[in-house]
Q: 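Let me begin by handing over the structure; questions about it come next.
All values derive from a computational prediction rather than experimental measurement. Lettering of chains follows the sequences in order, A, B, ..., and the numbering in each one begins at 1. Computed from heavy atoms alone, side chains included, the values below leave out hydrogens, waters and symmetry copies.
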Amino acid sequence: MYITGWTVALVAVGTIPAAWAQDRTFAWLWLLGALALAGLDALLAPRPRVLGVRRTVPGSVRLTERTATTLDVVNTGGRRVRATVRDAWQPSAGASANRHRVALRAGDSVRLSTPMLPTRRGDRDADLVTIRTTGPFRLAGRQRSLEAPATLRVLPEFASRKHLPSRLARLREIDGQTAVQLKGAGSEFDSLREYVIGDDVRSIDWRASARRADVMVKTYRPERDRRVMIVLDTSRLSAARVGDAPRLDASIEGTLLLTALATKAGDRVQVSAFDRVERARALGTGGPAVMPALANALATAEPALVEPDWPAIARLVQSRLSQRALVVLLTTLDPSAVDGGLLDTVAAISAKHAVVVASVDDPELAALEAGRDDAHDYYAAAAAARTAVESDAIAARVRELGAEVLTALPDDLAPALADRYLALKASGRL
Amino acid sequence: MSTTELHHATQGPGVVASARRRPLAIVAAVLFVALIATLVWTSRPEDYVTLSTGNASEDGTRAIAQILRAQGVDVRQSDTLAGARVTSPATSTLVIADSTFLADYQRDSIAEYPGDLVLVRPSQELLDDLDTGLRVTWSLDQEIVPAQCSDPDAQAAGEVQQLEEAVIAGARSTAETCFENGDGEAAYAVIDQGERRIAVLASWPTITNEHLDERGHAALGLRMLGRHPTVIWYVGDPFDPSTLTWSGSGDDGAAPPSELVANPDFLPPAFGPVMFMLGMTVAVAALWRARRFGRLVREPLPVEVRASEATRGRARLYRRAQASGRAAAAMRARAAMRMGRRLGVPRSAGSEALVSAVARAAQRDPRDVHRILYGDAPAGDAAFMSVIDELDTLESEVHRP
């Protein structure tokens with residue numbers, strides 16, 4: 001049961017006759033009368049049970065994109081029902097305008113649409129559907145909540161996809177769809193075609209030209225079907241907030257851009273999110289199915305407040321990769337990572353594979369280091385300098401082990417990683 | 001269109017079942033309703049002033065006022081002495097009930113009043129000021145006494161019961177006392193002062209609602225009060241500072257300036273019920289807003305800590321420990337790292353190579369550069385800050401385009 005604002009108005013109107021009667025007993029009687037009328041109204045209101053609801057949810061939505069979930073309401077009773085329906089979702093699902101007024105004749109149904117603008121990645125759960133039926137006097141009614149489970153999967157934003165066209169253009173340059181094409185490291189034989197003016201004479205295949213009447217040139221393309229494995233560290237350091245989002249979100253952006261690029265380049269990408277156990281994985285798919293599968297897998301990846309198990313990561317990489325591959329470790333260069341065995345893992349992996357260790361820089365550290373306002377700022381600058389020197393030392397030790405190190409601000413990590421991949425591909429070190 | 005089943009609200013347990021499950025709640029609800037009902041029905045009537053004509057309870061006088069009105073007497077109650085405004089004292093009866101709270105200037109104004117007076121439950125001061133020569137006393141025996149006087153009203157009443165109080169006539173009193181007991185205590189007295197007649201009803205409960213229908217009480221009361229077509233009724237009120245007014249009194253009834261007291265009657269009579277009703281409106285509005293439209297939805301929030309928190313903590317530690325040497329070393333190492341990178345000096349090269357490269361770039365004395373980059377650890381905040389400022393200057397010189 002609930003009462004509406006009309007009941008309050010009815011009681012308030014009683015002030016006028018109460019002022020005229022100048023009698024408190026009258027005021028009491030008016031109040032009790034109004035409440036009794038509201039109670040009668042609630043009794044006369046249709047039972048919420050006669051309304052059936054059905055939720056329909058779009059499969060998934062990208063973070064910051066709008067969508068709508070629908071709620072079908074069916075009147076299974078024999079009376080006309082006037083009601084308000086609240087389609088409750090958890091706050092980060094961004095379900096605005098989720099209260100709907102409906103008026104349904106017996107047997108009628110209506111489809112309500114609740115606009116959604118999710119503010120967090122992951123699985124956003126629907127809560128109860130609450131139904132308020134209104135009595136004939138609109139003074140009061142009945143209320144009941146019911147379960148109608150539904151889940152909306154919110155995929156990572158992939159804001160870095162704006163960098164994809166320029167990187168694909170670079171990839172095509174390397175790829176040989178542009179005029180200059182030379183055989184070299186990292187390229188493989190593609191096809192024979194007729195010589196046209198402007199082709200490098202060194203690429204003429206004399207044996208093929210002898211067989212044919214025309215002069216033939218060999219064309220090359222970068223090696224394809226290389227393996228790329230991306231390991232996201234989801235341990236406690238990935239939970240730290242850099243700018244507005246945790247480190248993990250920047251890592252996910254980098255993963256998505258690199259995967260999109262490498263898949264276009266014809267390489268096979270597998271992704272694993274790992275701390276002490278594997279939290280998410282995307283492997284074994286190819287072609288256009290890769291990106292949806294990856295976004296889906298990473299949607300629910302959350303940082304865990306545990307130390308990463310670096311030896312287990314080394315074992316995981318070795319078990320997943322049989323041939324030489326590019327292994328990208330998206331982690332944090334922090335002294336504690338060294339104690340935990342980061343260096344041993346990098347050494348173990350880089351013996352067989354090309355390794356890139358990518359880490360998200362904190363823009364706040366740069367701001368701290370530049371602060372010169374008072375004595376406290378000077379000490380903060382010194383502390384930031386100490387942190388920077390330490391990470392630099394770790395980066396130097398990782399480089400000594402033969403791995404590449406990449407540190408970038410959160411927004412720059414994804415394009416920097418893509419550039420590093422293209423550089424490796426161009427130089428044939430993949 | 002989805003093919004999933006429709007969800008329905010589950011059937012509640014019903015009123016009877018839930019009552020059986022939680023009997024205490026039902027008992028509490030019944031008690032609450034009973035309490036509210038009791039409060040409503042036993043709430044005292046609006047007027048509960050003793051001897052007031054609006055008071056329907058035992059010590060009120062609504063009954064006798066209604067009888068008088070039925071007999072064609074205009075009974076008007078005034079809350080203040082100033083409100084009496086007796087238009088013709090010759091054809092009016094002024095009733096002063098319960099005069100305990102009257103101040104001396106108020107009693108003086110009553111003493112000057114030319115018309116007939118009825119004093120119910122008079123105070124000793126008022127009797128003295130009106131020069132009655134009567135003395136108030138307690139009447140504890142509740143004797144039933146006959147009239148025993150020549151006053152026709154008293155004779156008509158026959159006998160009354162002495163209740164609460166009585167008066168005793170002094171030696172030089174001109175008052176005719178009626179309903180005397182053996183000790184000379186009278187329930188009623190009449191003083192004829194020529195132009196006016198003062199009736200004193202000391203045994204005041206005789207005209208209250210409770211005792212009016214006993215013995216000769218009604219006859220006495222009605223005859224005493226019904227001598228004139230108009231009755232002005234005043235009940236003593238400690239919050240009334242005004243004086244008596246009548247046509248020709250030459251007074252507007254205002255209290256002397258020094259006697260003004262706060263008077264709660266400045267509020268209109270409807271104020272109480274209106275405030276009560278507004279309060280109830282607020283309570284109902286609270287009920288309206290308090291009912292949630294479905295439960296609050298939980299949001300499982302991830303743990304998020306600013307990444308720079310550890311660095312800030314380290315800064316506070318440096319500061320608290322006054323570790324200026326260690327802090328300066330960190331700044332020097334960082335500056336050397338940056339300048340070395342800028343000038344292309346490898347990390348493996350020694351300090352001398354860096355110093356000479358920096359000195360060349362900044363066009364400074366190498367010893368000066370060495371002092372800035374590898375000098376003694378500064379002691380104290382001031383020295384530490386000056387080292388950093390020197391480092392900043394050096395770096396800006398090196399990074400100059």
Q: Which one of B/R291, B/R312, B/R289 has the most heavy-atom pairs closer than 4.5 Å to chain A?
A: B/R291
Q: Please classify the contact between A/L10 and chain B as side chain, backbone, both or neither, with a heavy-atom cut-off of under 4.5 Å.
A: neither
Q: If I compare all heavy atoms of A/G5 with all of B/W288, which pair ends up nearest, and what's the gap?
A: N-NE1, 3.1 Å
Q: Walk me through it: do B/V284 and A/L31 pass the test side chain to side chain contact (heavy atoms under 4.5 Å, CB included)?
A: CA-CA 9 Å; B/V284 174; A/L31 174 72; 3.8 Å; yes
Q: I'd like to know if A/R241 and B/E309 make a salt bridge, using a cut-off of under 4.0 Å between side-chain N and carboxylate O.
A: no
Q: Any side-chain heavy atom of B/L301 sitting closer than 4.5 Å to one from A/R120?
A: yes
Q: Please tell me if the side chains of A/V53 and B/L6 come closer than 4.5 Å, counting only heavy atoms from C-beta onward.
A: no
Q: Heavy-atom cut-off 4.5 Å, strictly under: side chain, backbone, both or neither for A/W89 against chain B?
A: backbone
Q: Write out all pairs satisfying salt bridge (Lys or Arg N to Asp or Glu O under 4.0 Å) with one or both partners inside residues 373-388 of chain A, taking only residues at least two apart or from two chains.
A: none
Q: Excluding sequence neighbours, so at least two apart, what forms side chain to side chain contact (heavy atoms under 4.5 Å, CB included) with A/A140?
A: A/M1, A/I3, A/A38, A/D41, A/A42
Q: Run the salt-bridge test on A/E369 and B/R338 with the 4.0 Å N-O cut-off and return the result as yes or no.
A: yes
Q: Taking everything shown except B/R326 itself, do over 12 heavy atoms lie less than 6.0 Å from its CZ?
A: no
Q: Please state whether the side chain, the backbone, both or neither of A/V85 comes within less than 4.5 Å of a heavy atom of chain B.
A: backbone
Q: Give, as side chain, backbone, both or neither, the part of A/V129 having an atom under 4.5 angstrom from any heavy atom of chain B.
A: neither
Q: Under 4.5 Å from any heavy atom of chain A, what part of B/M337 do you find: side chain, backbone, both or neither?
A: side chain
Q: Measure A/E147 against the heavy atoms of chain B and call it side chain, backbone, both or neither at under 4.5 Å.
A: backbone
Q: Could you report the tightest heavy-atom contact between B/H7 and A/P149, atom names first, then the distance?
A: CE1-CD, 3.9 Å
Q: Looking at B/H8 and A/R49, would you say the former's side chain and the latter's main chain have a donor-acceptor pair under 3.5 Å?
A: yes
Q: So A/Y2 and B/L287, do their side chains get closer than 4.5 Å, heavy atoms only?
A: no
Q: So B/S324 and A/Y378, do their side chains get closer than 4.5 Å, heavy atoms only?
A: no
Q: Write down the atom of B/A307, the atom of A/V242, and the distance for their closest heavy-atom approach.
A: CB-CG2, 3.7 Å
Q: Which heavy-atom pair separates B/I36 from A/W28 by the least distance, and what is that distance?
A: CG2-CZ3, 3.8 Å
Q: Which of the residues A/A239, A/A88, A/S92 is involved in the greatest number of heavy-atom pairs with chain B at under 4.5 angstrom?
A: A/S92
Q: Can you find a heavy atom in the side chain of A/T387 that is under 4.5 Å from one in the side chain of B/R314?
A: yes
Q: When the side chains of residues 269-278 of chain B are checked against the rest of the protein, which donor-acceptor pairs come out under 3.5 Å, sequence neighbours left out?
A:
none

Q: Would you check if the side chain of B/R334 reaches a backbone N or O of A/V389 as a donor-acceptor pair within less than 3.5 Å?
A: no
Q: Got more than 12 heavy atoms from elsewhere within 6.0 Å of CZ, A/R138?
A: no
Q: If I measure from the heavy atoms of chain B, does A/T84 come under 4.5 Å with its side chain, its backbone, both, or neither?
A: both
Q: Would you say the side chain of A/H376 lies within less than 4.5 Å of the side chain of B/R319, judging by non-hydrogen atoms?
A: yes
Q: Using a 4.5 angstrom heavy-atom cutoff, name the option from A/P48, A/A388, A/S145 with the most pairs to chain B.
A: A/A388
Q: Residue by residue, scan residues 373-385 of chain B and write down, ordered by number, those that have a heavy-atom distance under 4.5 Å to chain A; if none do, write 'none'.
A: B/D381, B/F384, B/M385
Q: Name the region of A/R236, side chain, backbone, both or neither, that has any atom closer than 4.5 Å to a heavy atom of chain B.
A: neither
Q: Once you round to the nearest 0.5 Å, how far does OG1 of B/T311 lie from CG of A/L365?
A: 4.5 Å
Q: Side chain, backbone, both or neither: which part of A/L237 has a heavy atom under 4.5 Å from chain B?
A: neither
Q: Around atom CZ of A/R372, are there more than 12 heavy atoms of other residues, nucleotides or ligands at under 6.0 Å?
A: yes
Q: When rounded to the nearest 0.5 angstrom, what is the spacing between CZ in B/R306 and CD in A/E364?
A: 5.0 Å
Q: Do you know which two heavy atoms are closest between B/A330 and A/A382, and how far apart they sit?
A: CB-O, 3.5 Å
Q: At a 4.5 Å cut-off on heavy atoms, which part of B/R332 comes close to chain A: side chain, backbone, both, or neither?
A: neither
Q: Backbone N or O of B/S308 within a donor-acceptor pair of the A/D362 side chain at under 3.5 Å?
A: yes
Q: Shorter than 4.5 Å, heavy atoms on both sides: which option in A/G243, A/A240, A/A380 has the most such pairs with chain B?
A: A/A240
Q: Is the number of heavy atoms from other residues, nucleotides or ligands under 6.0 Å of A/R99 CZ greater than 12?
A: yes
Q: Taking 4.0 angstrom as the limit, do A/D392 and B/R341 come out as a salt bridge?
A: yes
Q: What is the minimum heavy-atom distance between B/R292 and A/Q143, and which atoms define it?
A: O-NE2, 2.8 Å
